[in-house]
Amino acid sequence: MIYTKILVLLAAFFSMEGVAWFTHKYIMHGLLWFLHKDHHRKATYGFFERNDFFFLFFAIPGIICIFSGFSTMNYLFFAGLGITLYGLTYFIVHDVLIHQRIHFLKRLSFPYFNALRKAHKVHHKHLNKEDGECFGLLFIPRKYLTEAGL
């Protein structure tokens, strides 16, 4: 029983990469570009960006699942936990390691992180919503892994 719940947690976590990719490519670089564009262009309104509102799109389903399944520790709880852990991972990788928005870690130099940074840099070379590439976070194109020595 606990193994099934752990599988649900892992499935939710890894499924979020697909959800994040789809949302980033078709919603952030589509209909809601007006919220995301300050992330591609240097924002001047302080620490936060309009783009930071997107965390709500991902946090709300996780919170709802956690609260819905908390009393019985059912599968919804573990799905919500997987969604939330992906959100924490996204924050650490994207905002802390890649963009250095919180400066307590200097650049780590591991091949996988170097490949992540390269793919993200390629994504940010496009200042407009069109012609984007590398919309994922954790699963990146093989060529960047190969360039990094993996």
Side-chain angles (χ1 to χ4, degrees), residues 2-66 75 77-150:
I2 189 66
Y3 296 117
T4 307
K5 291 177 179 178
I6 291 171
L7 283 174
V8 169
L9 183 149
L10 292 173
F13 179 92
F14 287 110
S15 295
M16 284 305 297
E17 178 72 4
V19 171
W21 178 89
F22 180 87
T23 303
H24 191 179
K25 182 168 180 149
Y26 295 108
I27 296 175
M28 292 176 176
H29 280 255
L31 182 65
L32 298 181
W33 172 250
F34 70 96
L35 290 175
H36 184 62
K37 71 180 172 184
D38 68 344
H39 183 64
H40 283 262
R41 301 172 186 160
K42 192 67 178 160
T44 56
Y45 3 95
F47 183 76
F48 291 104
E49 302 172 348
R50 284 188 203 131
N51 182 66
D52 293 331
F53 284 109
F54 282 107
F55 94 92
L56 293 172
F57 290 116
F58 301 105
I60 290 171
I63 291 167
I64 289 170
C65 287
I66 287 172
Y75 298 109
F77 175 81
F78 288 91
L81 196 56
I83 293 168
T84 302
L85 288 174
Y86 183 85
L88 177 63
T89 301
Y90 194 97
F91 170 75
I92 291 169
V93 170
H94 183 263
D95 291 326
V96 177
L97 295 176
I98 293 174
H99 285 290
Q100 297 282 306
R101 287 178 70 184
I102 298 176
H103 299 284
F104 70 84
L105 288 176
K106 291 297 175 194
R107 295 262 184 216
L108 297 177
S109 187
F110 297 110
Y112 177 73
F113 289 132
N114 294 340
L116 271 174
R117 276 192 220 93
K118 174 72 184 260
H120 204 76
K121 185 175 184 178
V122 166
H123 176 74
H124 275 273
K125 78 178 181 180
H126 303 285
L127 298 180
N128 297 312
K129 69 180 185 175
E130 296 84 14
D131 303 321
E133 52 189 303
C134 299
F135 291 96
L137 179 70
L138 301 176
F139 301 138
I140 54 178
R142 183 88 186 122
K143 69 180 182 178
Y144 302 114
L145 296 170
T146 303
E147 288 176 13
L150 292 174

Worksheet item: What do the steps show when you test Met28 against His39 for side-chain contact (heavy atoms from CB on, under 4.5 Å), and what is the final call?
Response: CA-CA 10 Å; Met28 292 176 176; His39 183 64; over 6 Å; no

Fill in: Test side-chain contact (heavy atoms from CB on, under 4.5 Å) applied to Glu49 and His99, step by step
CA-CA 13 Å; Glu49 302 172 348; His99 285 290; over 6 Å; no

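- Other residues, nucleotides and ligands place no more than 12 heavy atoms under 6.0 Å from the NZ atom of Lys118.
- Going from atom CD1 of Ile60 over to atom SG of Cys65 covers 12.0 Å, rounded to the nearest 0.5 Å.
- The structure places CD1 of Ile66 at 8.0 Å from CD1 of Ile83, a figure rounded to the nearest 0.5 Å.
- Side chains of Thr4 and Phe78 form no contact here, defined as non-hydrogen atoms less than 4.5 Å apart.
- Across all non-hydrogen atoms, the minimal contact from Ile140 to Ala119 is CG2-CB, 4.0 Å.
- In terms of modelled atom types and a separation under 3.5 Å, the side chain of Tyr112 and the main chain of Leu138 share a donor-acceptor contact.
- Using cut-offs of 30° and 60° on the angle between ring planes, the pair His40 and His29 is perpendicular.
- Between Leu32 and Phe54, some side-chain heavy-atom pair lies under the 4.5 Å cut-off.
- Relative ring orientation between His120 and His94 is described as perpendicular, the plane-to-plane angle rising above 60° on a 0-90° scale split at 30° and 60°.
- Taking 4.5 Å as the limit, some side-chain heavy atom of Leu97 sits within range of a side-chain heavy atom of Phe113.
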Worksheet item: Under the side-chain contact (heavy atoms from CB on, under 4.5 Å) criterion, do Val19 and Tyr86 qualify, and how do the steps go?
Response: CA-CA 11 Å; Val19 171; Tyr86 183 85; over 6 Å; no

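- Here the CG atom belonging to Asp95 is positioned 6.5 Å from the CG atom belonging to Asp52, to the nearest 0.5 angstrom.
- Looking only at side-chain heavy atoms (C-beta outward), Val122 and Tyr144 come within less than 4.5 Å of each other.
- Within 6.0 Å of the CZ atom in Phe139, the count of heavy atoms belonging to other residues, nucleotides or ligands exceeds 12.
- Leu116 and Ile98 get closest at one heavy-atom pair: O-CD1, 4.4 Å.
- In this structure a side-chain-to-backbone donor-acceptor pair under 3.5 Å is present from Asp38 to Arg50.
- Tyr90 OH to Thr84 OG1: the interatomic distance, rounded to the nearest 0.5 Å, is 16.0 Å.
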Worksheet entry | Chi angles and distances behind the side-chain contact (heavy atoms from CB on, under 4.5 Å) call for Phe57, Ile27 | CA-CA 11 Å; Phe57 290 116; Ile27 296 175; 5.9 Å; no

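- Looking at heavy atoms from C-beta onward, Trp21 lies in side-chain contact with Tyr26 at the 4.5 angstrom threshold.
- When all heavy atoms of Ala79 and Ala12 are compared, the pair lying nearest together is O-CB, 3.4 Å.
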Fill in: Step-by-step ring-ring contact (aromatic ring centres under 6.0 Å, His included) determination, His36 to Trp33
CA-CA 5 Å; His36 184 62; Trp33 172 250; 5.8 Å; yes

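- We find the NZ-CD distance between Lys143 and Glu147 to be 7.0 Å, quoted to the nearest 0.5 Å.
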